[in-house]
**Q** 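I am attaching a structure below and will ask some questions about it afterwards.
We're numbering straight along the sequence, starting at 1. Worth knowing before you read on, the calculation uses all heavy atoms, side chains too, and leaves out hydrogens, waters and symmetry mates.
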Amino acid sequence: MTSTERTDVLVVGSGFGGAIAAYHLAAGGARVVVLERGPWLTGNDFDHDFKLGSSYTRAFDFTVGDGMSVLGGNCVGGGSVVYFAAMPRAPRFVFERHGSIGRRMWPSAVSRDTLEPWYDRVEEAIPVTKQEWSDVSYAGGLWAAACDHAGRTANPLPSAIDNSKCTNCNWMMAGCRFDAKRSLLFNYLPGALAHGAEVRPLHEVQHISRTDDGDYRVHYNVVDDEDYRIQAGSGTIDAKIIILAAGAGATPVILQRSEATLGTMPNAVGRYFSGNGERLNTAVLNEDKVREVLGLSRGDGLAYEANQIGKGPTVASWDRLDGSLPEYSRFSLEQLYFPPGLGTILAQVPGATGPSWFGVDKKELLKRWRSWLIIFQMTEDDNEGVFGPPPATGNADRISQQMLGVGRLRYNPTANTLRGWAEADAEVKDILERDGLAEVAAWTNDVVGAYTVHPLASCRIGDDPDTSALDDRNELRGHPGIFVTDGSAVPGALTVNPAMTIAALAERAIPGIVQAAQQRGVNVTYGAPSPDGATSGRQGAARLVPTLLHR
């Protein structure tokens, strides 16, 4: 059988891992096709609401698992379109973590020092700025004041936001109507297109097989634009290099389904999943105490009252990002603002003795739900997630037109993970319940289990073939020419927002991918500048390129 279409490089997914790979390979002269499961949305498409059937249901993928549910981007640009644009670099201690395997889980070649030039490359392409206190939202200011009152520190977050365009509408999670968020739609993806790459939305990859001449064949379904449960077509594309960047909830499923045609997968494919140790707490605030204890005033007779003006997260407390602390006791605490509809669904009643995310007590709580704060905790988990046998198609059994599906992820938190959550919960309560400022309760896990917006590690890099699916160059063990560059390659929880680290690891993988492509007959070179033409980042990383090539 001869495929009707061929390309040099096929990229699955257009988030950080996919867009960065597509840009560099196309800029180096390769023919590149990007298949993206979601639609292609731009600023005018994004609605300022969270109503069912509006733009956000098209742009998100919410997969319910057994003990863990995953919320991810589902559109051209992936998570960069719907994330809150927080772009911190991972703390130094993260790269020395042992986690559940009892020894260093990251490859010996990767540390904060060796990743630093690749962070710089990302920051050159996606300008990241540290927000000033004048940029901080009401919610961020309240969190900073509470931290100060409790003897803690707080810091404005580095973010990929153009403040000259930002209107402080706080609908970042629904996509930015004003093009202020520096998503991949404004840097790597247009750069890839300018060099001839082709991006095809609504193409969901199902599995990969081999061709008679030793290349790879990617099998995909075309998804209906309105009802993602409907298959509008199918096809195949042959390529010499495959780059999987479908996200940590979908990349391992594609590989699991491909085992029947490609042969045995590494043991770690679909194992060691991490939810980045994430957890949410809600504080219901006493307005009088906000005024009396913190001395805050909005100037309109109110102290705070959950004013929605601002961005998503703007302030975080990093006091517990201390490498001298024991593993599982390190975490960051980040202020969030969700609109009332989202912010109240899983919130429990502070002080309740049993489940209280619904019922009479919850109804009474909502009557006084006018002043609240949500704290996002990123802790260290034990990589306890495992993917079961894949569904017939896609990464989940879809149960609605858009967004909602039931997946095969099983997650049973260990004592280590539970201890990390408990310590983070206690820290939030200690900060916000002082002097009667607020009442705090964690979001429930009874409805959808634990939950994450930053899935990681389901096909991770490492030195040990038994516990890592990829070598330290992001190549799939036993399957030369297949690379993984999304969050599934990150070995474990980062204790901070992971977008910057995912992107830096993708940048670091490019020299090895280019070399592999050359060895498979693709006329491609490495060394493109930043998408906007800047070259200082390229120069900074140049000394590390030889270490990423096969010798």
Side-chain angles (χ1 to χ4, degrees), residues 3-37 76-78 125 184 187-201 203-211 213-220 235-247 250-251 254-255 258 262 459 470-471 473-476 479-486 488-489 502-503 505-529 531 545 548-550:
S3 177
T4 58
E5 188 173 3
R6 296 186 64 89
T7 189
D8 294 329
V9 177
L10 192 137
V11 181
V12 183
S14 59
F16 286 102
I20 289 172
Y23 167 69
H24 283 290
L25 273 295
R31 293 175 297 160
V32 176
V33 173
V34 180
L35 300 184
E36 165 59 50
R37 178 181 60 186
V76 174
L184 297 165
N187 35 74
Y188 285 103
L189 283 173
L193 294 171
H195 286 285
E198 183 180 354
V199 179
R200 301 183 188 179
H203 281 61
E204 183 178 62
V205 170
Q206 304 303 316
H207 72 278
I208 306 165
S209 61
R210 282 195 174 87
T211 64
D213 57 3
D215 291 341
Y216 292 103
R217 177 164 296 155
V218 172
H219 303 251
Y220 63 84
T236 60
I237 302 177
D238 290 357
K240 295 183 179 299
I241 294 290
I242 305 297
I243 300 172
L244 288 172
T251 287
I254 293 170
L255 290 176
S258 301
L262 289 182
C459 294
L470 315 173
D471 64 20
R473 297 164 63 253
N474 291 64
E475 192 167 26
L476 183 66
H479 301 274
I482 298 179
F483 293 82
V484 176
T485 57
D486 57 20
S488 63
I502 294 169
L505 284 174
E507 280 279 5
R508 179 183 177 276
I510 301 302
I513 296 174
V514 168
Q515 184 186 47
Q518 292 170 341
Q519 293 171 345
R520 296 174 76 88
V522 178
N523 185 16
V524 61
T525 59
Y526 175 73
V545 171
L548 300 170
L549 305 179
H550 280 310

**Q** I need the minimum non-hydrogen distance between A517 and V524, along with the two atoms involved.
**A** CB-CG1, 3.8 Å
**Q** Could you pull out the closest heavy-atom pair between L184 and G15, with the gap in Å?
**A** CD1-C, 3.1 Å
**Q** Testing L505, I513, I20 one by one against T485 for a side chain to side chain contact (heavy atoms under 4.5 Å, CB included), which residue passes?
**A**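 Filter result, single survivor: I513.
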**Q** Is any side-chain heavy atom of T7 closer than 4.5 Å to a side-chain heavy atom of V9?
**A** no
**Q** Please report the interatomic distance NE2(H207) to NE2(H219), rounded to the nearest 0.5 Å.
**A** 3.5 Å
**Q** Under 3.5 Å, is there a donor-acceptor pair linking the side chains of D238 and T211?
**A**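 No.
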**Q** Return yes if a side-chain donor-acceptor contact under 3.5 Å exists between Q518 and Y526, otherwise no.
**A** no
**Q** For the OG atom of S258 and the CZ atom of R217, what is their distance to the nearest 0.5 Å?
**A**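 Going from OG on S258 over to CZ on R217, the span is 13.5 Å.
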**Q** Please name the pair of heavy atoms, one in Y188 and one in P531, separated by the smallest distance, quoted to 0.1 Å.
**A** CD2-CG, 3.8 Å
**Q** Applying side chain to side chain contact (heavy atoms under 4.5 Å, CB included) to L10 and I242, what does each step give before you reach the verdict?
**A** CA-CA 5 Å; L10 192 137; I242 305 297; 4.0 Å; yes
**Q** Calculate, to the nearest 0.5 Å, the distance between atoms CG and CZ belonging to L549 and R473 respectively.
**A** 7.0 Å
**Q** Check whether any side-chain heavy atom of L262 lies under 4.5 Å from a side-chain heavy atom of I482, and answer yes or no.
**A**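 A side-chain contact under 4.5 Å exists here.
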**Q** Any ion pair linking D8 and K240 (charged N to carboxylate O, less than 4.0 Å)?
**A**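 A salt bridge is absent here (no side-chain N lies under 4.0 Å from a carboxylate O).
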**Q** What are the two closest non-hydrogen atoms of F16 and A506, and how far apart are they?
**A** O-CB, 4.4 Å
**Q** Can you measure from CZ (R210) to NE2 (H479) and round to the nearest 0.5 angstrom?
**A** 6.0 Å
**Q** Search all heavy atoms of A528 against all heavy atoms of Y23 and return the closest pair with its distance.
**A**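 Where A528 meets Y23 most closely, the heavy atoms are CB-OH, 3.9 Å.
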**Q** Do L244 and I208 come within less than 4.5 Å of each other through their side chains, counting heavy atoms only?
**A**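 With C-beta onward as the side chain, the pair touches.
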**Q** Over all heavy atoms of both residues, which pair between A489 and N474 is shortest? Give the atoms and the distance, please.
**A** CB-ND2, 3.6 Å
**Q** Mark yes or no for whether S14, through its side chain, and G77, through its backbone, hold a donor-acceptor pair below 3.5 Å.
**A**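 Checked: pair present.
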**Q** Would you mind reporting whether I237 and R200 have side-chain heavy atoms less than 4.5 Å apart?
**A** yes
**Q** Can you find a pair of side-chain heavy atoms, one from L189 and one from V34, that are under 4.5 Å apart?
**A**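 Result no, sub-4.5 Å side-chain heavy-atom pair not found.
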**Q** Should D215 and R520 count as side-chain neighbours, where that means a heavy-atom distance under 4.5 Å?
**A** yes
**Q** Does the side chain of V514 come within less than 4.5 Å of H24's, by heavy atoms?
**A** no
**Q** Quick one: CG on L35 to CD on E198, what's the gap to the nearest 0.5 Å?
**A** 9.0 Å
**Q** Considering residues at least two apart in sequence or located in another chain, which fulfil the ring pair (Phe, Tyr, Trp, His ring centres under 6.0 Å) criterion with Y220?
**A**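 In terms of ring pair (Phe, Tyr, Trp, His ring centres under 6.0 Å), with neighbours along the sequence ignored, Y220 is linked to H203.
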